[in-house]
Every structure is written in C-alpha cells, then in structure tokens.
Enquirer: 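Handing you this structure, nothing more for now.
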Amino acid sequence: MHSRTTLLFLFSFFFLSGYSQSITFTKLADLPPVLKESSGLEVTGKADIWTIVDSNRPTLFGIDEQGNFRHSIHLENVNHGWEDVTQDDQGNMYIGDFGNNQNKRKDCRIYKIPPPDSINGYTVRAEIINYSYPDQKEFPPPPSKLMFDMDAMASFGDYLYLFSKNRTVPFTGYTRLYRVPNKPGNYVAELLDSINLGPGHMYQTWVTAADVSPDKKTLALLTHDKVWLFHCFPQDKFFKGSKTVLPLNHFSQKEGLCFRTNNELYISDERTENLFGGCLYRLTFDPSVLKDCP
C-alpha cells in the first residue's frame, strides 16, 4: 500500500552494496505519470506487462518494456484499493483489494477476471472472492498485533497465497502466509505458516509483492531493497525450501514484481516525492545463486 518515508531515510539507503556479477538489475523505462503508484505486475504473452495502481483507478493497464501503453481494462463492479495482481495456469487474472494500513477492514476481497488477452473491449465484470483472517479478532488489533495489512499475492495450483505486510509496534519482522481458493465465494483464509525476514528496519523487510516462477519451483518475495527467493519447497510449503536473498542496487518504494522467465523478473517502484522511482526494471539472476535444496 502507498506510504511515504522521509527523504533523509530514503537517501540513506539509496545505494546498497553487495552486488554480484551473477545478478543484474537494470532500469528499462520510466512509467507514464498515471502509473506513478504501480502496485503489481503480471506478464501475458510475449510482450504484455500488466500493472495496477493503488489509488482511485479500478483499471488494469497493459504496457510494454518501454513503458508504452498497449491496453487497458476497466473493472465495472469493484472497489479500488488494489495492491497486487497474479494469474493462474489458465491465464485468469486476480487483483487483490486487501490493502489494510490500519488493520480494521472487514471487506477484504480478490477480483477474478478472464485472461486479459481474451477480453473484447475495455470493460469487464469481475467475479469476487471475499475472505477474512482466522486469527483476527479485533478491528483494529493492538499495535503489537498489526499483522493484517496485505500487499502480496501469488497463484499456485488452485489457491491464491497471501503474504502479510507487518506493521507491528515494536516491529517483529514476521510475515504470515495465508491461502484462499481461487474460486468466487466467501471464505475464511487458512493460516499456513510465517517467517521472520529480519533483522532490519521494517522498510527493508516489508513484503510488497510476490510471484511463483513459470516452472513452479521458485517463489519470489519483494521488499524495498531486495528479493527473497524460496526454492525446492515441498508442495506449497514455501518457507520450508532453501532461501536466497538478492540485494538490489538501490532502495525505493518497490511494489510490483513478476517472473518473466524462471530466472528473470520485472520489478516496478512508485514515484517518491517527484524525485525518483516510478520505473520498470528487469532483474536477472544466474540459476547458480539458488541455494542447494535442503
């Protein structure tokens, strides 16, 4: 979800060390002004990159690698607090309307639409997946239990997997993993697991996007300055696999991530204070960086 940090904090993290020749992180394009709050990415076909914004536009935007508009699809029957987008093996697209800064929402939902390439025209009505969290009893909970904001979603099999954005005070570093069926209906999400991505400041360990590789062997989680890769996991026990951390070469409000190939990802960030960000990037890593399976 869109947030602002001080310029002093951002500049203090703007350049990070730890790059490897096995990792390349390259800016591809400046995004159009309407996409300055890009908050999710997904790829269809060979050239279409789909993104959403977390402001007041219930629209899915299709662009190319140069940031040029190719398509747009307006969802007719939805709200517009959107945070991430993913697709299933049939190409159906899912848009997460579950941003929850204050942890007091009781109407979290996910919108399902047909494969964007199959939609004739510029509008579509979405099917709706409504859900609640099994472990949330207070709206909002006390500061020490602010675990119900959500920015990240990935598709795997017949389920959608949600990764929480931790806002606890004091900050604990944990991310919770939930899943819901990918079919319209009303559900109580399943709490599957959690992981501590600390130590570090919350801006370094907030999970803001997620995706699973085309070969279904790697899960990627995005934070503002790194990508976490989970590999060789059994079934959907993502956190039980090996873990690799890819440091990026600068800190920014990164909110969008998707695999293009098994070792190549697109990443986008939000424009911050009209100074930097608002770009589309490519992250490529050599498969050798993945740690051996446990």
Side-chain angles (χ1 to χ4, degrees), residues 1 39-42 52 78 81-100 103 105-113 126-137 141 145-167 172-197 205-223 227-243 255-259:
M1 179 170 287
S39 188
L41 292 175
E42 192 53 83
I52 56 177
V78 304
W82 297 359
E83 298 299 336
D84 205 1
V85 59
T86 190
Q87 63 179 328
D88 62 24
D89 294 340
Q90 290 72 48
N92 299 301
M93 199 76 79
Y94 301 85
I95 299 165
D97 177 9
F98 39 49
N100 193 14
N103 280 231
R105 285 187 63 173
K106 297 182 179 180
D107 62 346
C108 294
R109 59 190 62 178
I110 299 164
Y111 306 122
K112 178 178 182 178
I113 64 172
E127 298 179 290
I128 299 177
I129 300 167
N130 297 291
Y131 75 92
S132 60
Y133 299 108
D135 47 338
Q136 183 170 14
K137 309 302 179 185
K145 297 181 179 180
L146 294 174
M147 292 290 293
F148 304 103
D149 190 12
M150 201 69 57
D151 268 18
M153 172 176 63
S155 173
F156 188 76
D158 294 328
Y159 291 90
L160 302 171
Y161 293 81
L162 313 178
F163 302 84
S164 67
K165 185 176 184 180
N166 188 324
R167 293 184 176 273
T172 64
Y174 277 93
T175 290
R176 291 180 182 173
L177 169 61
Y178 300 86
R179 75 176 186 180
V180 295
N182 64 8
K183 298 176 176 59
N186 300 305
Y187 303 100
V188 177
E190 297 177 73
L191 175 58
L192 298 181
D193 204 350
S194 65
I195 190 171
N196 193 321
L197 298 181
T205 55
W206 267 352
V207 175
T208 58
D211 199 24
V212 174
S213 61
D215 64 6
K216 310 300 182 185
K217 294 181 179 180
T218 306
L219 167 75
L221 300 182
L222 178 68
T223 69
V227 172
W228 304 74
L229 299 177
F230 297 86
H231 188 61
C232 295
F233 41 80
Q235 298 177 334
D236 61 357
K237 297 177 175 61
F238 302 118
F239 299 154
K240 305 304 182 187
S242 62
K243 180 176 67 178
E255 299 267 347
L257 167 144
C258 68
F259 278 94

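All of these numbers come straight from a predicted model, not from anything done at the bench.
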Enquirer: Where is the tightest heavy-atom contact between Ala220 and Leu229, given as atom of each residue plus distance?
Expert: CB-CD2, 3.7 Å
Enquirer: Sequence neighbours left out, what passes side chain to side chain contact (heavy atoms under 4.5 Å, CB included) with Pro214? Give chain and number order.
Expert: Phe259, Asn262
Enquirer: So, Lys183 and Asp88, do they make that salt bridge, N to O below 4.0 Å?
Expert: no
Enquirer: Is the Phe239 ring parallel, tilted or perpendicular to the Phe230 ring (thresholds 30°, 60°)?
Expert: tilted
Enquirer: How close do Ser164 and Met147 get, counting heavy atoms only, and between which atoms?
Expert: CB-O, 3.4 Å
Enquirer: What pairs with Asn196 under side-chain hydrogen bond (donor to acceptor under 3.5 Å, both in side chains), at least two apart in sequence or on another chain?
Expert: none
Enquirer: To check you understand the geometry: which heavy-atom pair defines the closest contact between Ala152 and Thr208, and what is its length?
Expert: CB-C, 4.1 Å
Enquirer: Return the set of residues passing salt bridge (Lys or Arg N to Asp or Glu O under 4.0 Å) with Arg179 (not counting sequence neighbours), or none when no residue passes.
Expert: Glu190, Asp236
Enquirer: Kindly give the heavy-atom pair with the smallest separation between Phe98 and Met150, and that separation in Å.
Expert: CD1-O, 3.3 Å
Enquirer: State which residues pass side-chain hydrogen bond (donor to acceptor under 3.5 Å, both in side chains) with Thr218; sequence neighbours excluded, sorted by chain then number.
Expert: His231
Enquirer: Would you call Tyr111 and Ile128 a side-chain contact if the rule is heavy atoms closer than 4.5 Å?
Expert: yes
Enquirer: Please name all residues satisfying ring pair (Phe, Tyr, Trp, His ring centres under 6.0 Å) with Tyr187, sequence neighbours left out, ordered by chain then number.
Expert: none
Enquirer: Would you say Arg167 and Trp206 make side-chain contact, with heavy atoms under 4.5 Å?
Expert: yes
Enquirer: Can you establish whether the number of heavy atoms outside Gln235 located under 6.0 Å from its atom CD is more than 12?
Expert: no
Enquirer: Report the residues that fulfil side chain to side chain contact (heavy atoms under 4.5 Å, CB included) with Thr223, sequence neighbours left out, ordered by chain and then residue number.
Expert: Asp225, Lys226, Trp228
Enquirer: Please name the pair of heavy atoms, one in Glu42 and one in Thr86, separated by the smallest distance, quoted to 0.1 Å.
Expert: OE1-CA, 3.4 Å
Enquirer: Under 4.5 Å between any side-chain heavy atoms of Tyr161 and Leu219, yes or no?
Expert: no
Enquirer: Looking at Glu83, is its backbone amide N or carbonyl O close enough to the side chain of Ser39 to form a donor-acceptor pair, meaning the two atoms are under 3.5 Å apart?
Expert: yes
Enquirer: Test side-chain contact (heavy atoms from CB on, under 4.5 Å) on Arg105 and Asp97 and set out the steps.
Expert: CA-CA 11 Å; Arg105 285 187 63 173; Asp97 177 9; 3.1 Å; yes
Enquirer: For Lys217, give me all partners under salt bridge (Lys or Arg N to Asp or Glu O under 4.0 Å), at least two apart in sequence or on another chain.
Expert: none
Enquirer: Could I get the full list of side chain to side chain contact (heavy atoms under 4.5 Å, CB included) partners for Ser132, not counting sequence neighbours?
Expert: Val188
Enquirer: Show your working on side chain to side chain donor-acceptor pair (under 3.5 Å) between Asn166 and Thr172 and close with a plain yes or no.
Expert: CA-CA 8 Å; Asn166 188 324; Thr172 64; 2.9 Å; yes
Enquirer: Would you mind listing every salt bridge (charged side-chain N to carboxylate O under 4.0 Å, His left out) that reaches into residues 207-216, with sequence neighbours excluded?
Expert: Asp89-Lys216
Enquirer: Rounded to the nearest 0.5 Å, what separation is found between the NZ atom of Lys112 and the CG atom of Asn92?
Expert: 5.0 Å
Enquirer: Are Asn103 and Asp149 close enough that some pair of their side-chain heavy atoms sits under 4.5 Å apart?
Expert: yes
Enquirer: Is Lys243 close to Leu221 at the side-chain level, that is, under 4.5 Å between some pair of heavy atoms?
Expert: no
Enquirer: Can you name the nearest heavy-atom pair linking Gly256 to Leu222, along with the distance?
Expert: O-CD2, 3.5 Å
Enquirer: Fit a plane to each ring of Phe233 and Phe238, take the angle between them on a 0 to 90° scale, and name the class: parallel (under 30°), tilted (30 to 60°) or perpendicular (over 60°).
Expert: perpendicular
Enquirer: Sequence neighbours excluded, which residues qualify as salt bridge (Lys or Arg N to Asp or Glu O under 4.0 Å) partners of Asp158?
Expert: none
Enquirer: Does any non-hydrogen side-chain atom of Ile110 lie less than 4.5 Å from one of Leu162?
Expert: yes
Enquirer: Go through Val78 and Ile95 one step at a time and tell me if the side-chain contact (heavy atoms from CB on, under 4.5 Å) criterion holds.
Expert: CA-CA 10 Å; Val78 304; Ile95 299 165; over 6 Å; no
Enquirer: Is there a donor-acceptor contact under 3.5 Å from the side chain of Asp84 to the main chain of Gly96?
Expert: no
Enquirer: Going by side-chain hydrogen bond (donor to acceptor under 3.5 Å, both in side chains), name the residues that satisfy it together with Tyr133, two or more places apart in sequence or in a different chain.
Expert: Tyr131
Enquirer: Looking at side-chain heavy atoms only, is the closest gap between Asp135 and Tyr178 below 4.5 Å?
Expert: yes
Enquirer: According to side-chain hydrogen bond (donor to acceptor under 3.5 Å, both in side chains), who are the partners of Asp193, at least two apart in sequence or on a separate chain?
Expert: none
Enquirer: How about Pro141 and Gln136: do any of their side-chain heavy atoms sit closer than 4.5 Å?
Expert: yes
Enquirer: How many angstroms lie between atom CZ of Arg109 and atom CH2 of Trp82, to the nearest 0.5 angstrom?
Expert: 12.0 Å
